[in-house]
Amino acid sequence: MPASKSESNRALIIQALAGGGQLHNLSDANDTQLMQRLLQNPAAPMFDAEDAGTVMRFLTAYLAMTGRQTELTGTARMQERPIAVLVDALRELGARIEYVGREGYPPLRLLGRTPQPATAEETEPIELTVRGDISSQYISALLMIATTLPAGLRIWLTGKVGSRPYIRMTQALMQHFGAACRDLGTVLEVRPQPYQPTDYTVEGDWSAASYWYAMVALAPEGSYLTLPTLRRYSWQGDQAIAGIMAQLGVHTEFLADETLRLTKTAPAARLTQDFTDCPDLAQTVAVVAAALGVPATFTGLESLRIKETDRIAALQTELAKFGGALTDAGEGRFEVSAENFQVTGQTVATYHDHRMAMAFAPLALHGEIHIEAPQVVRKSYPQFWQELEKAGFSIPPPSI
């Protein structure tokens with residue numbers, strides 16, 4: 001399995017703030033390699049986050065709170081993804097940030113930081129109020145730089161909090177590097193205790209594992225495979241795929257040495273799933289449910305509109321090519337259905353979105369399929385197509 005991109009990018013920011021420590025098994029995903037390159041060139045007059053959400057959000061906070069004067073930009077799609085919530089919060093913490101173009105969106109001009117020196121009487125953390133229903137990456141970015149503040153930081157979360165496992169992952173990594181932080185539900189607190197240089201080994205990626213779960217779900221009954229480097233007690237929210245896929249006919253058994261075995265069984269008659277804490281799994285599960293003819297109700301898909309593409313619209317368009325449907329039922333509910341779902345050589349558009357390519361690829365177990373722009377997988381799983389070939393899939397060279 002590839003290493004976790006989510007863990008890797010958080011660990012790189014924390015390592016930079018800690019001033020040392022060895023990181024092992026870093027992800028080879030483009031987002032992580034990009035983060036490494038940018039952090040190794042701190043004096044650059046321009047940083048390009050490309051299409052990487054964590055790179056844009058985490059670097060905005062890191063560069064702003066370490067006083068860098070530079071510009072931070074990204075792809076055309078990145079410049080359509082809002083960042084005002086994070087910028088507003090950083091400004092409250094003393095960061096001087098301007099929008100180069102449209103208000104509330106990248107590119108950004110970072111103009112340094114106005115220091116907020118501690119006083120003898122200053123013992124309470126700075127307090128911020130942040131919406132919980134926006135990208136958890138904003139919250140993680142603020143948490144990681146909180147140790148640079150004289151009295152720490154207290155974040156009050158308002159509304160429904162999405163992707164909370166990613167916030168917990170951030171806090172766990174911070175604590176591994178010596179930070180003092182607490183999760184009090186609607187309040188997150190970081191005390192002014194600096195990071196310490198520490199070694200860390202990144203876990204295998206549960207998001208990547210979800211595509212192998214999909215392959216077992218679509219394989220004949222009795223099929224199985226094993227996946228390495230995945231922890232039973234993981235910080236990754238996408239470990240939820242084990243429970244979700246149990247309802248779609250995949251049994252998970254944890255073996256020794258961080259290895260698990262997946263076995264195909266019979267699916268349930270219906271699936272109901274809230275993706276608030278694991279939105280990156282929605283595409284994969286939608287494709288599997290439609291292909292198996294298992295009707296499903298999804299909630300918690302709000303953040304999919306502002307990902308690499310509008311993932312809801314993309315799913316609706318591509319599922320329809322096979323006879324599937326993702327229907328907006330109102331009040332935050334979406335229904336997955338299929339009538340005579342067939343795989344007969346259709347071409348799937350990927351919309352510059354790695355998860356679209358990998359979510360639909362397992363359909364090759366039911367027939368020939370064509371994936372446009374397959375190189376998009378480099379964002380999170382560069383060896384995906386080669387790994388499929390090792391597993392017995394036939395992929396003509398021009399398709400790779």
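Being a predicted model, the structure only gives us computed values, none of them experimental.
- For the atom pair CG (Leu111) and CZ (Arg113), the distance works out to 15.0 Å, reported to the nearest 0.5 Å.
- Looking only at distances, no side-chain donor or acceptor of Thr350 sits under 3.5 Å from a matching main-chain atom of Asp353.
- Here the side chain of Glu71 pairs no donor or acceptor atom with the backbone of Pro45 at under 3.5 angstrom.
- Between Arg182 and Leu188 the shortest side-chain heavy-atom distance does not fall below 4.5 Å.
- Taken together through direct or relayed side-chain contacts under 4.5 Å among Ile, Leu, Val, Met, Phe, Trp and Tyr, Leu227 and Phe393 form part of one hydrophobic cluster.
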For a side-chain contact (heavy atoms from CB on, under 4.5 Å) check, start with the C-alpha distance between Phe275 and Ile244, then their side-chain angles and the critical distance, and finish with the verdict. CA-CA 10 Å; Phe275 288 92; Ile244 296 171; 4.1 Å; yes

Taking it one step at a time, do Arg131 and Tyr138 satisfy side chain to side chain donor-acceptor pair (under 3.5 Å)? CA-CA 10 Å; Arg131 287 169 49 197; Tyr138 300 152; over 6 Å; no

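- For the pair Arg10 and Phe58, the cation-pi test (distance below 6.0 Å, angle within 45°) is failed.
- In this structure, Met1 and Asp205 approach most closely via the heavy-atom pair CE-O, 3.9 Å.
- Between the Ser27 side chain and the Ser8 main chain, no donor and acceptor come within less than 3.5 Å of each other.
- Sorted by first and then second residue, the pairs that involve residues 140-193 and meet ring-ring contact (aromatic ring centres under 6.0 Å, His included), not counting sequence neighbours, are His176-Tyr200.
- One N or O on the side chain of Lys264 and one on the backbone of Ala217 form a donor-acceptor pair closer than 3.5 Å.
- Proximity of a side-chain donor or acceptor of Asp199 to a complementary backbone N or O of Gln22 within less than 3.5 Å is detected.
- With a 4.5 Å cut-off on side-chain heavy atoms, Pro194 and Thr147 do not count as touching.
- In His366, the NE2 atom is crowded: over 12 heavy atoms of neighbouring residues, nucleotides or ligands sit closer than 6.0 Å.
- Salt bridge annotation for Asp328-Arg333: absent, with no cationic side-chain nitrogen under 4.0 angstrom from a carboxylate oxygen.
- With rounding to the nearest 0.5 angstrom, the CD1 atom of Ile167 is 11.0 Å from the CD atom of Gln137.
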With side-chain contact (heavy atoms from CB on, under 4.5 Å) as the criterion, how do Ile13 and Met35 come out once you've worked through the C-alpha distance, each side chain's angles and the decisive distance to 0.1 Å? CA-CA 9 Å; Ile13 291 290; Met35 179 76 90; 4.0 Å; yes

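- Ala49 and Leu34 make their closest contact through O-CD2, 3.4 Å (heavy atoms, listed as atom of the first residue, atom of the second, distance).
- Side chains of Ser380 and His354: a donor-acceptor N/O pair is present below 3.5 angstrom, by distance only.
- Going from atom CZ of Arg378 over to atom CD of Gln33 covers 11.0 Å, rounded to the nearest 0.5 Å.
- Remark: side-chain polar atoms of Gln346 are paired, donor with acceptor, to backbone N or O of Thr344 under 3.5 angstrom.
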What do the steps show when you test Arg270 against Thr297 for side chain to side chain donor-acceptor pair (under 3.5 Å), and what is the final call? CA-CA 8 Å; Arg270 181 172 186 86; Thr297 300; 2.7 Å; yes

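- For the 3.5 Å distance criterion, the side chains of Asp277 and Ser163 fail to qualify, holding no donor opposite an acceptor.
- No donor-acceptor pair under 3.5 Å is formed between the side chain of Glu258 and the backbone N or O of Leu230.
- When the side chains of ILVMFWY residues are joined at heavy-atom separations under 4.5 Å, either directly or via intervening members, Val187 and Val190 end up in two distinct hydrophobic clusters.
- By the criterion of side-chain heavy atoms lying less than 4.5 angstrom apart, applied directly or through intervening Ile, Leu, Val, Met, Phe, Trp or Tyr residues, Val294 is grouped together with Phe341 in one hydrophobic cluster.
- With respect to the salt-bridge test (charged N to carboxylate O, under 4.0 angstrom), the residues Arg232 and Glu253 do not qualify.
- Taken from CZ in Arg81 to CE in Met56, the straight-line distance is 9.5 Å, to the nearest 0.5 Å.
- Looking only at side-chain heavy atoms (C-beta outward), Leu301 and Thr276 stay at 4.5 Å or farther from each other.
- When each of Cys278, Pro279, Ser6 is paired with Asp238, the side-chain contact (heavy atoms from CB on, under 4.5 Å) condition holds for Cys278 and for no other.
- Under the side chain to side chain donor-acceptor pair (under 3.5 Å) test applied with Tyr351, the options Arg77, Arg311, Glu318 reduce to a single match, Glu318.
- With contacts defined as side-chain heavy-atom distances shorter than 4.5 Å, the pair Leu153/Leu143 does not qualify.
- Under the 4.0 Å criterion applied to side-chain N and carboxylate O atoms, Asp133 and Lys160 are not assigned as salt-bridge partners.
- Between the CD1 atom of Ile126 and the CD atom of Glu92 there is a distance of 9.5 Å, given to the nearest 0.5 Å.
- Atoms OG and CD, on Ser207 and Gln236 in that order, are 6.0 Å from each other to the nearest 0.5 Å.
- A pairwise comparison of heavy atoms in Ala242 and Thr252 identifies CB-OG1, 3.8 Å as the closest pair.
- The side-chain heavy atoms of Thr73 and Met46, taken from C-beta on, include a pair separated by under 4.5 Å.
- Considering every non-hydrogen atom in both Ala286 and Leu315, the closest pair reads CB-CD1, 4.2 Å.
- Tracing side-chain contacts under 4.5 Å through hydrophobic residues (I, L, V, M, F, W, Y), one reaches Met169 starting from Val161; they form part of the same cluster.
- Placement of Val100 and Met78 in two distinct hydrophobic clusters is found when ILVMFWY residues are connected by side-chain heavy-atom separations under 4.5 Å, directly or transitively.
- With a 6.0 Å cutoff to the six-membered ring centre and a 45° limit on the axis angle, Arg102 counts as a cation-pi contact of Tyr105.
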Apply side-chain contact (heavy atoms from CB on, under 4.5 Å) to residues Ile145 and Leu17 and explain how you reach the verdict. CA-CA 8 Å; Ile145 56 83; Leu17 290 167; 4.3 Å; yes

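- Checked for salt-bridge contact, Lys5 and Asp31 meet the test: a charged N lies under 4.0 Å from a carboxylate O.
- Counting only distance, with no hydrogens or angles, the side chain of Gln316 and the backbone of Ala325 share no donor-acceptor pair below 3.5 Å.
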Begin from the C-alpha positions of Gln36 and Leu12 and carry the test side-chain contact (heavy atoms from CB on, under 4.5 Å) through to its verdict. CA-CA 7 Å; Gln36 278 190 289; Leu12 283 167; 3.6 Å; yes

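- Gln193 places a side-chain N or O within 3.5 Å of a backbone atom of Gly178 that can act as its donor or acceptor partner.
- No side-chain heavy atom of Glu189 sits under 4.5 Å from any side-chain heavy atom of Asp183.
- A distance-only check finds no donor-acceptor pair linking the side chain of Lys390 to the backbone of Trp385 [under 3.5 Å].
- Across every non-hydrogen atom of Ala314 and Thr309, the tightest pair is CB-CG2, 4.2 Å.
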Could you go step by step and tell me if Thr229 and Glu203 meet the side chain to side chain donor-acceptor pair (under 3.5 Å) rule? CA-CA 6 Å; Thr229 68; Glu203 182 189 8; over 6 Å; no

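- In this structure, Leu142 and Leu93 have side chains that are in contact, with non-hydrogen atoms separated by less than 4.5 Å.
- The two atoms that bring Leu218 and Ala291 nearest to each other are CD2-CB, 3.7 Å, heavy atoms only.
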As a quick check of understanding, evaluate side chain to side chain donor-acceptor pair (under 3.5 Å) for His370 and Glu368, giving each step before the final call. CA-CA 7 Å; His370 301 267; Glu368 182 177 300; 2.8 Å; yes

